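What follows is a single structure, written as structure tokens, with notes after it.
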There are 2 protein chains.
Amino acid sequence: MRQTTQPDPTRERLLDEAERLFADKGFAGVSVREITAAAGAHLSAVNYHFGSKHNLYLAVFRERWLPRARRILERLDRLAARGLPRPEDLVRTITEAFFSGFADDAERRRHHQLIHREMCRPGEALSLIVEEVTRPIFDRFRRLLEPHLPPGVDEEEVTLYIFSVICQVLFFNFGRPMVTALTGRTYDEQFRRLLVEHITRFSLRALPRGGEEDS
Amino acid sequence: MRQTTQPDPTRERLLDEAERLFADKGFAGVSVREITAAAGAHLSAVNYHFGSKHNLYLAVFRERWLPRARRILERLDRLAARGLPRPEDLVRTITEAFFSGFADDAERRRHHQLIHREMCRPGEALSLIVEEVTRPIFDRFRRLLEPHLPPGVDEEEVTLYIFSVICQVLFFNFGRPMVTALTGRTYDEQFRRLLVEHITRFSLRALPRGGEEDS
DNA sequence: GTCTATAGCAGGATAGAC
DNA sequence: GTCTATCCTGCTATAGAC
């Protein structure tokens, strides 16, 4: 299903560099001049391809951030396709996806910095993120988790549980400078595995058990 | 111990408005003109009182953010002064402090937005925050928690536990737009109490118990 | 200490040649 | 589609009158 017509390479490079710079410095902290220079394009290229700086920002979310986030979502669907997962596999899958479901370390940083910034100052991108990614993740998570919970737990309680799991995943990714400052650890492969284990175990102990018992 | 010489009211208003605007829009997103206009001062007042926009930003952290954070820290010290607290009281105290240890809702938002932004793009302020606030909180938390943990738990594991507790507190404060979008709840008094209860219970179940058992 | 005036530069956006 | 040239606004910072 490959496209025969190649997408405009200048446009693609603009999106790449814009994502990197927006993630690093935020929307207001980056100038169009900086983006076009980094992309080896001319100043007017942004206005030609996207109409405005703001539209370029939204395009980064629509064409870069969202597709990547959807790939993470697919991991949950693949897990669910194999039958009802144990809570442990559920939590571990989602955690690992956020830690390893990226091409490389730089991509993971960009991805989390962007969502982090958008949570900081909610704009049009946040509603896009919530409806297209966050809510689907929560819905799937809730559906797969609820069979394991005792009957008394209401939906809002489950939502808060999921928030407590997800917020750890997010924090250990975008709070990296603070985590490094306090632990002295760099985010190498070993430390990432340790964090995934920690978040999984912490969250599993915290989730009230009921229904079927596993292993 | 009241100061006889009143602090310069223009300077104070500049700090107030700068904090509000920096928290809302970030350093690059605010202009000196906007700050001075909001403070009813003249454009050159920032340079007169602080030398530069950047110094004003640092002054906001030193003279507004840090003193407030230290007041939260004092709550831990007052708790510890009454003897070794149960883990439940420890977690509840720190959680409640972050949710209610502020003059009003606006002040709490500003406080969390500022730290959130600084975690987003670490600058000089972050090292100040880590050394003056985060590390002391972690040290006290660890010292008060360790007696309750089983002997096998090493220091790094405890540090990760504390991160998982603190990150929930932070997230439910600065991730407010997302939490509201997914729960439909506004942050009124009732919901805040619910969140404090949720974080406390979630974290307590997750902490491995050992040593003395309470109640 | 406060205000005016302005330097000096960087910002986003656009029109029009090629 | 790309590049040049340019508009005009807004920015931080400073010098100097009062």
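Below, all heavy atoms of this structure are taken into account, side chains as well, without hydrogens, waters or symmetry copies. Remember, it's a predicted structure, so these values are computed and weren't measured experimentally.
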message = Any N or O donor-acceptor pair under 3.5 Å from the base of D:dG10 to the side chain of B:R33?
response = no

key: Check: A:F141 ring centre within less than 6.0 Å of A:Y161 ring centre   = no

task = Kindly say whether the aromatic ring centers of A:F171 and B:F171 come within a distance under 6.0 Å.
result = no

key: Interatomic distance, A:F50 CZ vs C:dT14 P [rounded to whole Å]   = 16 Å

task = Choose from C:dT14, C:dG12, D:dT2 the nucleotide whose nearest atom is closest to any side-chain atom of A:T10.
result = D:dT2

message = Of the listed nucleotides (C:dT4, D:dC11, C:dG12), which one gets closest to any side-chain atom of B:H42?
response = C:dT4

ask   = How about B:F163 and B:F138: are their ring centres within less than 6.0 Å of each other?
value = yes

query = Within this structure, what is the NZ-to-C1' distance between A:K25 and C:dG11, rounded to whole angstrom?
reply = 14 Å

key: Among D:dT12, C:dT2, D:dT2, the one nearest A:Y48 by side-chain distance   = D:dT2

ask   = B:H49 side chain N/O closer than 4.0 Å to the phosphate oxygens (OP1, OP2) of C:dT2?
value = yes

Given DNA chain C, 5'-ward residue of the pair B:L43 and B:G40, judged by closest heavy atom = B:G40

message = Just the rounded figure in Å: distance from P of C:dG11 to OH of A:Y57.
response = 19 Å

Interatomic distance, B:K53 NZ vs C:dC9 C1' [rounded to whole Å] = 15 Å

message = Using whole Å, what does the distance between atom P of nucleotide C:dG11 and atom CD1 of A:I35 come to?
response = 11 Å

query = Step by step, would you call A:R20 with A:E17 a salt bridge (charged side-chain N to carboxylate O under 4.0 Å, His left out)?
reply = CA-CA 5 Å; A:R20 189 176 60 81; A:E17 295 303 319; 2.6 Å; yes

key: B:S44 side-chain proximity, nearest of C:dT2, C:dT4, D:dT4   = C:dT4

task = Check the pair B:E197, B:R193 against salt bridge (charged side-chain N to carboxylate O under 4.0 Å, His left out), reporting the backbone distance first and the verdict last.
result = CA-CA 6 Å; B:E197 274 312 298; B:R193 273 205 304 271; over 6 Å; no

ask   = Roughly, in whole Å, what's the span from CG in A:L21 to C1' in C:dG12?
value = 16 Å

ask   = Rounded to the nearest Å, what distance is computed from the CG atom of residue A:L14 to the P atom of nucleotide C:dG12?
value = 13 Å

ask   = So which nucleotide from C:dG11, D:dT14, D:dG1 ends up closest to the side chain of B:N47?
value = D:dT14

